[in-house]
Amino acid sequence: MNEQELSAPSDFIRNIINQDLGENKNNKKVATRFPPEPNGYLHIGHAKSICLNFGIARDYGGTCNLRFDDTNPVREETEYVESIKEDVRWLGFDWKDRLYFTSDYFERLFQYAEQLILKGKAYVCSLTAEEIRDYRGTLTEPGRKSPYRNRSVAENLDLFRRMRAGEFEDGAHVLRAKIDMASSNFNLRDPTLYRIRRAHHHRTGDAWCIYPMYDYAHCLSDSIEGITHSICTLEFENNRPLYDWILDALETPCHPRQIEFARLNLTYTVLSKRKLMTLVTDKFVDGWDDPRMPTLSGLRRRGVTAAAIRNFCEKIGVAKRDSVVDIALLDYCLREDLNRTAPRVMGVLRPVKVVITNYPEGRVEELDAVNNPENPEAGSRKIPFSREIFIESEDFMEDPPRKFFRLSPGREVRLRYAYFLKCTEVVKDEKSGDIIELRCVYDPETRGGDAPDGRKVKATLHWVSASHAVSATVRLYSHLFTEENPGAAKDGKAFTDSINHGSMEVLTGCRLEPGLAGAVPGNIFQFERLGYFCVDSKESAPGALVFNRTVTLRDEWSRIQKKS
RNA sequence: UGGGGGAUCGUCUAACGGCAGGACGACGGGUUCUGGCCCCGUUAAUCCAGGUUCGAAUCCUGGUCCCUCAGCCA
């Protein structure tokens with residue numbers, strides 16, 4: 001087995017495609033499509049579908065179209081079209097010149113509908129919506145035939161054309177396929193194909209007052225575009241017989257094969273449009289691109305990279321079984337990417353002042369710091385060191401437990417890229433007992449971080465020079481929900497009951513190394529020993545930096561603490 | 001209680017009648033100027049019961065559990 005075969009994804013969809021290719025189907029071509037409805041923002045579940053469809057096209061030398069499934073004008077908007085295009089592009093996929101809209105096919109779809117009528121396979125039904133529901137039957141009882149089911153072809157054609165012409169009120173008639181009211185599959189109980197809806201369409205304006213339904217439009221759009229494999233999620237499995245029925249009933253360019261896979265679920269979050277909408281409209285978050293949202297815009301704003309998401313989508317695989325992926329896998333993919341690419345800097349989130357009593361007042365040294373140990377080409381930079389510095393408050397403990405290696409009275413540690421430091425005195429607020437400052441001594445012989453006498457130190461601390469540091473606001477994000485599967489909330493409980501009210505902690509007065517003053521929105525850094533942080537794209541400004549914590553570093557110390 | 005799907009380590013996923021493998025997690029160790037990265041190791045699974053077969057996660061029979069469908073949404 002060569003390397004490519006080792007890394008090539010294997011899943012049941014690719015198995016099917018391989019089989020089709022082996023049987024010389026579709027002229028050995030593979031054509032897929034990603035068909036979002038422009039009625040919301042893309043989230044990481046869509047990313048799974050995008051990676052699958054575009055990934056298959058890439059792997060088989062085929063094509064993947066971006067098609068907006070815009071058949072319902074009351075829900076769809078241009079704003080969503082633009083955000084979806086931006087997100088797909090950002091994820092790293094290119095539809096080239098194959099940007100399509102179902103609305104581009106409205107005229108052809110109408111003609112196909114006339115064909116269906118001519119063949120006696122569709123009729124205009126004048127039952128009300130409520131009556132249609134009533135006639136449909138139940139899970140165990142067959143439906144009843146509409147009294148309009150046997151209208152003549154001529155009458156149906158006339159009525160359907162007049163529906164288009166706007167002669168009827170909304171809801172007065174619908175076009176229905178004439179299939180089987182007794183079918184055990186509801187989708188085949190004379191499904192609605194067209195409805196009258198006087199609504200302004202974001203692309204066709206007021207040109208139409210009748211709009212095709214998903215089941216009717218989707219299969220025909222796939223066929224018009226020459227799609228070979230129409231990949232969708234599991235809930236459309238019941239619709240497949242209808243998909244096939246329509247294409248069999250008409251003379252169409254081709255008959256794509258619909259394949260269903262299980263949608264993505266992720267722990268500690270929700271991924272349904274309705275629930276995400278609730279989070280936004282009920283202000284549990286600050287918009288669709290809130291860094292806690294699983295939307296692509298939210299993840300991007302948080303600092304999650306496209307490469308990490310692509311890698312994640314490859315790792316989770318594709319299958320038909322319902323599943324919930326551990327969000328820790330996304331974190332893993334993120335760290336894997338950011339470890340390679342993110343420049344290292346030092347930043348102190350909760351500062352404690354340290355005065356180095358044996359360091360000359362007024363003196364400033366420029367020390368060399370490596371930008372990225374994983375990438376020698378990233379080079380190094382100078383950072384200022386002086387008598388007064390800040391260290392992380394959690395890096396000092398007056399009375400340390402057994403496995404705490406960091407600074408404590410009398411103990412020596414290393415300041416990264418600087419000197420060994422030993423704590424000699426703890427200065428406290430008389431009233432509160434809070435630590436105000438630490439007085440320490442440094443060893444001038446250890447400049448750069450190594451002791452000539454070979455003595456070792458158990459910890460290395462990050463720090464910033466007090467007078468040189470830039471201030472910043474840093475937001476610490478954690479899971480939006482306290483429940484692993486908030487979407488499964490039962491017995492009258494709302495999924496929002498398990499919202500994590502501490503999912504965002506805002507820290508002000510954080511102190512960062514001076515080079516960060518020039519950081520611009522979207523920049524991602526590793527704050528050494530802490531995690532990866534991204535300059536917020538909306539609220540950060542020069543002189544008033546705002547960082548979002550993308551993900552923490554793996555943290556062995558916190559695990560040790562949890563155990564005890 | 002009709003139809004359509006699905007059940008493999010804690011989680012995700014391979015296997016296409018022939019050694020149940022990988023990844024994440026967890027745990028242990030090595031290394032280290034990031035308690036990071038990296039390296040090594042341990043843990044741990046075929047829903048149940050029968051049957052076919054030299055051999056079954058895979059095929060057959062029967063059961064159990066889960067998801068899904070009664071929009072003029074997609």
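Note that this is a predicted model, so its numbers are computed, not measured. Here is how names work: the chains are called A, B, and so on, in the same order as the sequence lines, proteins then strands, and each is numbered from 1.
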K.L.:
State which of C67(B), A70(B), G25(B) makes the closest approach to the side chain of D322(A).
P.N.:
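Of the candidates, C67(B) comes closest.
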
K.L.:
A74(B), G4(B), A70(B): which one has an atom nearest the side-chain heavy atoms of F186(A)?
P.N.:
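The listed nucleotide nearest to F186(A)'s side chain is A70(B).
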
K.L.:
Under 6.0 Å from the ring centre and within 45 degrees of the ring axis: does the NZ or CZ of R164(A) meet both conditions for the six-membered ring of F110(A)?
P.N.:
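Relative to the ring axis of F110(A), which defines the angle, R164(A) lies inside both limits.
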
K.L.:
Under a 3.5 Å cut-off for both distances, is G17(B) Watson-Crick or wobble paired, and to whom?
P.N.:
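Answer to the pairing question: none, since G17(B) forms no Watson-Crick or G-U pair.
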
K.L.:
Using a heavy-atom cut-off of 4.0 Å across all strands, would you classify F236(A) as base, sugar-phosphate, or nothing?
P.N.:
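Base contact.
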
K.L.:
Give a yes or no on whether the ring-centroid distance for Y112(A) and Y105(A) is below 6.0 angstrom.
P.N.:
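No.
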
K.L.:
Compare the minimum distances between each of G4(B), G36(B), A14(B) and the side chain of L553(A), then state the nucleotide with the smallest one.
P.N.:
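Of the options given, the side chain of L553(A) lies nearest G36(B).
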
K.L.:
Does G4(B) have OP1 or OP2 sitting under 4.0 Å from an N or O in the side chain of K320(A)?
P.N.:
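Looking at the OP1 and OP2 atoms of G4(B), neither is under 4.0 Å from any side-chain N or O of K320(A).
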
K.L.:
Could you tell me the separation between the CG atom of L334(A) and the P atom of G25(B), rounded to a whole number of Å?
P.N.:
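Interatomic distance, CG of L334(A) to P of G25(B): 13 Å.
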
K.L.:
Would you indicate what L415(A) reaches in the nucleic acid, counting non-hydrogen atoms under 4.0 angstrom: base, sugar-phosphate, or nothing?
P.N.:
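The answer is nothing, as L415(A) stays clear of every strand by at least 4.0 Å.
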
K.L.:
Over how many whole Å does the gap from I210(A) atom CD1 to C72(B) atom P extend?
P.N.:
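Computing the I210(A):CD1 to C72(B):P distance gives 16 Å.
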
K.L.:
For the pair made of CD in E484(A) and P in C12(B), what is the distance, rounded to whole Å?
P.N.:
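So the CD-P distance, E484(A) to C12(B), works out to 10 Å.
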
K.L.:
Go through G4(B), C12(B), A74(B) for me and flag the one nearest to the I316(A) side chain.
P.N.:
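Nearest to the side chain of I316(A) among the choices is C12(B).
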
K.L.:
Taking OP1 and OP2 of C37(B), is either one under 4.0 Å from a side-chain nitrogen or oxygen of R529(A)?
P.N.:
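No.
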
K.L.:
Using a cut-off of strictly less than 4.0 Å, decide whether R197(A) has a side-chain nitrogen or oxygen near OP1 or OP2 of C73(B).
P.N.:
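Result: yes.
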
K.L.:
Going by centres under 5.5 angstrom and planes under 30 degrees, do the aromatic ring of W557(A) and the base ring of G35(B) stack?
P.N.:
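Answer is yes, a stack.
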
K.L.:
So, OP1 or OP2 of C37(B): does either fall under 4.0 Å of a side-chain N or O from R335(A)?
P.N.:
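Result: no.
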
K.L.:
Once you apply the 3.5 Å cut-off to both distances, tell me the Watson-Crick or G-U wobble partner of A7(B), or none.
P.N.:
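Base partner found: U64(B).
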
K.L.:
At under 4.0 Å, does any side-chain N or O of R136(A) touch on OP1 or OP2 of G71(B)?
P.N.:
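R136(A) to G71(B) OP1/OP2: side-chain N or O found under 4.0 Å.
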
K.L.:
A56(B) pairs with which nucleotide, Watson-Crick or G-U wobble, both distances below 3.5 Å?
P.N.:
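Matched A56(B) with nothing under the 3.5 Å cut-off.
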
K.L.:
Using only side-chain N and O atoms of S10(A), determine if any of them is under 4.0 Å from OP1 or OP2 of A15(B).
P.N.:
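For A15(B), OP1/OP2 do have a side-chain N/O of S10(A) under 4.0 Å.
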
K.L.:
Could R162(A) and F168(A) be counted as a cation-pi pair, given that NZ or CZ must be under 6.0 Å from the ring centre and within 45° of the axis?
P.N.:
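No, a cation-pi geometry is absent between R162(A) and F168(A).
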
K.L.:
Does C73(B) have its OP1 or OP2 closer than 4.0 Å to a side-chain nitrogen or oxygen of R195(A)?
P.N.:
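Indeed, a polar side-chain atom of R195(A) lies that close.
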
K.L.:
Rounded to the nearest Å, what distance is computed from the CZ atom of residue R189(A) to the C1' atom of nucleotide G71(B)?
P.N.:
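Atom CZ in R189(A) sits about 15 Å away from atom C1' in G71(B).
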
K.L.:
So what's C38(B) paired with, Watson-Crick or G-U wobble, going by both distances under 3.5 Å?
P.N.:
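Looking at the geometry, C38(B) pairs with G30(B).
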
K.L.:
Indicate yes or no for a side-chain donor-acceptor contact from D453(A) to the backbone of R455(A) under 3.5 Å, with no hydrogens or angles considered.
P.N.:
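Between the backbone of R455(A) and the side chain of D453(A) there is a qualifying donor-acceptor contact (under 3.5 Å).
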
K.L.:
Which sits closer to the 5' end of RNA chain B, Y532(A) or A319(A), going by the nucleotide each is nearest to?
P.N.:
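Going by which nucleotide is closer to the 5' end, it is A319(A).
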
K.L.:
Which whole-number value in Å describes the distance from N187(A) CG to U68(B) P?
P.N.:
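Rounding to the nearest Å, CG of N187(A) and P of U68(B) are 15 Å apart.
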
K.L.:
Under 4.0 Å between a side-chain N or O of R263(A) and OP1 or OP2 of C67(B)?
P.N.:
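For R263(A), the contact criterion (side-chain N or O under 4.0 Å from OP1 or OP2 of C67(B)) is not met.
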
K.L.:
At less than 4.0 Å, is any side-chain N or O atom of Y332(A) found next to OP1 or OP2 of C24(B)? Yes or no.
P.N.:
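Answer is yes, contact under 4.0 Å.
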
K.L.:
Answer yes if the ring centres of W557(A) and F405(A) are under 6.0 angstrom apart, and no otherwise.
P.N.:
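W557(A) vs F405(A): aromatic centres not under 6.0 Å.
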
K.L.:
With under 30° as parallel and over 60° as perpendicular, where do the rings of F160(A) and Y194(A) fit, or are they tilted in between?
P.N.:
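The arrangement is perpendicular - the two ring planes meet at more than 60°.
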
K.L.:
Quickly work out the E314(A) CD to U13(B) C1' distance and round it to whole Å.
P.N.:
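Answer to the nearest Å: 12 Å.
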
K.L.:
Is the distance from OP1 or OP2 of U13(B) to the nearest side-chain N or O of S323(A) less than 4.0 Å?
P.N.:
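Looking at the OP1 and OP2 atoms of U13(B), one of them is under 4.0 Å from a side-chain N or O of S323(A).
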
K.L.:
Give none if C12(B) has no partner; otherwise give the nucleotide forming a Watson-Crick or G-U wobble pair with it, both distances under 3.5 Å.
P.N.:
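With both distances under 3.5 Å, C12(B) matches G22(B).
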
K.L.:
On the nucleotide C37(B), are OP1 or OP2 found under 4.0 Å from the side-chain N or O atoms that R340(A) carries?
P.N.:
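So the side-chain polar atoms of R340(A) never come under 4.0 Å of the phosphate oxygens OP1 or OP2 of C37(B).
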
K.L.:
Between C27(B), U34(B), G2(B), which nucleotide gets closest to the side-chain atoms of T140(A)?
P.N.:
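Selected nucleotide: G2(B).
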
K.L.:
Measuring to OP1 and OP2 of C67(B), would you say a side-chain N or O of N265(A) lies under 4.0 angstrom away?
P.N.:
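The answer is no; no side-chain N or O of N265(A) sits under 4.0 Å from OP1 or OP2.
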
K.L.:
Decide whether a cation-pi geometry holds between R189(A) and F186(A); the criteria are a distance under 6.0 Å from NZ or CZ to the six-membered ring centre and an angle within 45° of the ring axis.
P.N.:
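Relative to the ring axis of F186(A), which defines the angle, R189(A) lies inside both limits.
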
K.L.:
Across all strands shown, which nucleotide pairs with A44(B) by Watson-Crick or G-U wobble geometry, both distances under 3.5 Å?
P.N.:
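The base-pairing partner of A44(B), which may sit in any strand shown, does not exist here.
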
K.L.:
Could you check how far CE of M213(A) sits from P of C72(B), rounded to whole Å?
P.N.:
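Taking atom P of C72(B) as the reference, CE of M213(A) is at 6 Å.
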
K.L.:
Any donor and acceptor pair, going by atom type alone, linking the side chain of T460(A) with main-chain N or O of R414(A) inside 3.5 Å?
P.N.:
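Flag not set: sc T460(A) to bb R414(A) has no pair under 3.5 Å.
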
K.L.:
Check this one for me: any side-chain N or O of T71(A) less than 4.0 Å away from OP1 or OP2 of A74(B)?
P.N.:
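Indeed, a polar side-chain atom of T71(A) lies that close.
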
